[in-house]
Structure formats: C-alpha cells, structure tokens
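Bear in mind the structure is a predicted one, so any value in this text is a computation, not a measurement.
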Amino acid sequence: MSYQHIKVPQNGEKISVKNGRLVVPEQPILGFVEGDGIGADITSAALRVWDAAVATAYGARRKVHWCELYMGEKAAGLYQGDYFPEETIAALRDLLVSIKGPLTTPIGGGFRSLNVSLRQKMDLYACVRPVRYFAGVPSPLRKPEEVDVVIFRENTEDVYAGLEYRSGSEENQKLAKFLREELHAEFVEGAGLGVKPISAFGSKRLVRKAIQYAIEHGKSTVTLVHKGNIMKFTEGAFRNWGYEVATQEFREVIVTEEELWEHHDGKLPSGKILLNDRIADIMFQLLQLRPAEFEVLATTNLNGDYLSDALAAEVGGVGIAPGANIADHIAVFEATHGTAPKYANQNKVNPSSLLFSGVMMLEYIGWREAAELINRAFIQVLAEKTVTYDFARLLPGATTVSTSGFADALIAKINSPR
C-alpha cells in the first residue's frame, strides 16, 4: 500500500492475523502517532526506552521498526488542515498495532474529539485500562498495593455515540416535540437533549473480551458495573446481556455470585471465574475501601471514564496510567492524559502513561520479557527517587529529572546486569 506522507519501513514485516490470532514477526512494523503538546517530548523518550528493552531482552533477533503516522496538529500541517487524514486510518488498519500520544480536543466547541472519532471510525470497541500500584508511587490510600484492576470500558456507544442536540436547535426542537407528543415525556423546556444507545451487540462483545482477558491472564473475578437501578433499559440491559454472554458462552468457567452461595458455600472452585455486578456509584467507594476484591471490571462508556480516572488517582494519577483501544485484532495504545500545551517542548513532564501503554503493547504482541524489563526498571528508578517534577514535589529528598533524563535513568537500569 502506498501513502502520500507515511513512509513504511522497508526492513520490517507487518503483523498479520491467521486463524483468528495475531502473527507477530521477529521484526514487526508498529505505528506511532507523536501527538500534540507534550507528545513530542514523551514519545521520543518512550521510543528510546521501548527499543532498549527489546534490545536487552532479545538482542539482534528482535527489533521494532517504527512507522510514524499523523493525526492532530502535525497532520493538519501535512494534509491541508486535515487533523484526521484517511491515510492514517488506512495505515492503522494495515499495521494492526500502533500507539499514539495525546491529541488536542477543544472543550465546548470546535471539532469533535480525535480520540472519540478514532474509536468510532475504527470500531475500537474496548477501552482497556489496567491500573496497578508500583512501590514508591505517592498514593492517598493506606494499602495501595491492593490495587490491581483492569477496566474494560465500552468505547462506541452510550455518550460516545455523539447523539446530542443543542438547546434551541431545529434538531432539538424536533426531538423534543416527538418525545412530548408521541411518548408523553416530561422535561424542562429548552433543555439540551442527548440519546444514550446501549445495545446487546455492543454490550456482549465488550463483556466477552473482558472474560476472555480474565481467562488468559488467570484472573478470578469479573465485575459488571452499571447504573441499572435507575436506567433499567440501558444500563440494566448491559448487566443482563453481560450475564447472558457469560453463562451461554463461558459456562464451563463462570460461576455467578448467586451460584457461588447456592452451590459452593461462598467459596469459588479452583479454576473458575466469579461473575458479579455492582452499581456504579458504590464502586467508587468499594475501589477505595476494598480494592483487592476486584480484578476485571466491564462497564459502559461513561461509567468507565469516571472509574478509570478515579482508580488511577489511587496509584499515582493519570500521568502514569496506560490505556488501549482494541477491536477484535486492531489495537491502538495511547497515553490517557491530555496534551498539556503549557509544558510543550519543555522536556519536563512525566512520560509514564505513554511508556506503560507501550508496555501493554509489548505484552499484546507477546513480548513479555521486554515489557517486564521496563516494569522492573521503573520500580528501581522510583526506589532511588529519580523522578520528574510531578512526583518530586510529593517525594521528600527526590532528584528531579527531565523527561529525557527519566528515560535515561530507565535505560540505564534496563541495560545493567541483574
């Protein structure tokens, strides 16, 4: 496939799919989008760390051949103002596995979120956010080491469907008239209106992916999070469809919470996965007071958005929280924070969110040895209190380093004999 601006490396080989599984060559081509604002700083730092980990883990046998793709402000400069060029979408589909820095999203006006558009355009239906504690990271919890949760957030429906109608608009007035006259709905005149679609198709494939993850990673609990006590036909339906896919497709491993007490005296049999559900608002309390009870959460879009950031705050904040948007095979990993334009090109900010998203990416392609080298190096560097400014202000006696300096410290640990 030829492109206008994208230059695909000639020496690497593309990842493919065979019999429903990724086939990863020893010299894969992976895509990356630099991102806006602080994107240039954190991406250049993270690329060096990922490459060092791969080289140390596998020597010359394996190497990532990076292919730069363009979205956001950098794309606009190349594609006559187009922030979301079609050839980038084509390349993301062609390469299958990519990673991106933060992208500009205006609030209250301007163009729609590029992140949301990407997820919708490519049907990246699962937003996967692992949240775990690393020793030494400042935390408000007494026992942050109990936090080790992976959130599966539905990525295409609910508020991300974008079915919203501005107060006073013609579309709003038509919808309001229909709701009042045809469905006898009552609401305040002039209200902005939004529609919240949640389908069996979208709910089941999200829960299916969460359960498959739990099976593959040896997790023992999957929790459906919803507000079904109030929104019975959307959030409540998500819960019901989740139980349906679990008991119909994974009956050999799934034990529901009701079955746990009726048939197993509250003790989960070995090799089984407990499926339970919790109301969304109480989950915020439970994840603070009893986080050890939860391993995998499957939830609707807006709930997952709130819970992901709240849970990340327990273990260091979104500045070190990784994430990914995954379809059946295509995956786009990403920094979960914003562009922080006031810090752009200052070589100052913490690159860890993007860095750990890359760790997720290495795990996704099966290169766990390289991923573990980065995890281990991060713990070692943190133990020495060599950190960027955001952590330095919370750690007495810390040594403050730049974005690139933090990458240097990680690489030194990766390369040092164990």
Side-chain angles (χ1 to χ4, degrees), residues 42 45-46 48-50 52-53 56-57 99 128-151 213 217-219 287-288 290-297 307-324 333-337 348-364 367-416 418:
I42 63 175
R48 291 195 296 119
V49 175
W50 300 328
T56 299
I99 191 164
V128 183
R129 293 278 298 271
V131 184
R132 58 173 287 197
Y133 178 70
F134 287 92
V137 174
S139 169
L141 295 190
R142 287 186 298 173
K143 296 181 178 180
E145 65 277 4
E146 293 183 352
V147 177
D148 189 359
V149 179
V150 181
I151 297 176
Y213 177 92
H217 292 81
K219 304 296 184 179
L287 288 172
Q288 292 180 65
R290 289 146 49 188
E293 294 181 10
F294 303 96
E295 295 180 316
V296 177
L297 306 183
L307 287 167
S308 295
D309 284 4
L311 193 56
E314 298 182 3
V315 294
V318 295
I320 65 167
F333 298 82
E334 65 178 355
T336 59
H337 52 68
K348 180 177 181 178
V349 299
N350 191 336
S352 297
S353 175
L354 185 64
L355 181 75
F356 284 125
S357 296
V359 170
M360 287 181 69
M361 182 172 62
L362 291 171
E363 292 173 342
Y364 186 74
W367 292 12
R368 297 185 180 277
E369 298 85 356
E372 188 51 37
L373 281 176
I374 299 173
N375 286 333
R376 186 181 300 117
F378 183 83
I379 294 171
Q380 292 170 338
V381 170
L382 202 62
E384 296 175 356
K385 296 187 177 182
T386 302
V387 293
T388 48
Y389 82 99
D390 54 325
F391 278 5
R393 60 191 177 189
L394 301 173
L395 293 173
T399 299
T400 305
V401 293
S402 63
T403 307
S404 58
F406 188 66
D408 291 339
L410 291 171
I411 292 169
K413 295 298 184 184
I414 289 169
N415 292 335
S416 64
R418 285 176 284 172

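Note on residues 391-408: pairs passing side-chain hydrogen bond (donor to acceptor under 3.5 Å, both in side chains), not counting sequence neighbours, are R48-D408, N347-S402, N347-S404, S402-S404.
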With a 3.5 Å cut-off and sequence neighbours excluded, list the donor-acceptor pairs that the side chains of residues 136-147 form with protein atoms.
unit_1	atom_1	unit_2	atom_2	d
S139	OG	L141	N	3.1
S139	OG	E314	O	2.5

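Salt-bridge formation is not detected for the pair K348/D390: no Lys NZ or Arg NE/NH1/NH2 atom is positioned less than 4.0 Å from an Asp or Glu carboxylate oxygen.
Using a distance-only test at 3.5 Å, with no hydrogens or angles considered, no donor-acceptor pair links the side chain of T336 to the main chain of P322.
Under the 30°/60° scheme for interplanar angles, the aromatic rings of F134 and F356 are found to lie parallel.
Of the inter-residue distances, the one linking L355 atom CG with I42 atom CD1 reads 10.0 Å to the nearest 0.5 angstrom. Atoms CD and CE, from E334 and M361 in turn, are 12.5 Å apart once rounded to the nearest 0.5 Å.
Contact annotation: the side chain of I374 approaches that of W50 to within less than 4.5 Å [non-hydrogen atoms, C-beta and beyond]. The shortest side-chain heavy-atom distance between R132 and N375 falls under the 4.5 Å cut-off. Taking the side chain as every heavy atom from C-beta outward, L311 and V149 approach each other to under 4.5 Å. Side-chain contact between Y389 and N350 is absent, with no heavy-atom pair separated by less than 4.5 Å. For the pair F406/V49, no side-chain contact is recorded, criterion being any heavy-atom separation below 4.5 Å from C-beta on. At a threshold of 4.5 Å between non-hydrogen side-chain atoms, the residues I99 and S357 count as touching.
Every residue meeting the salt bridge (charged side-chain N to carboxylate O under 4.0 Å, His left out) condition with E384, not counting sequence neighbours, appears here in chain and number order: K413.
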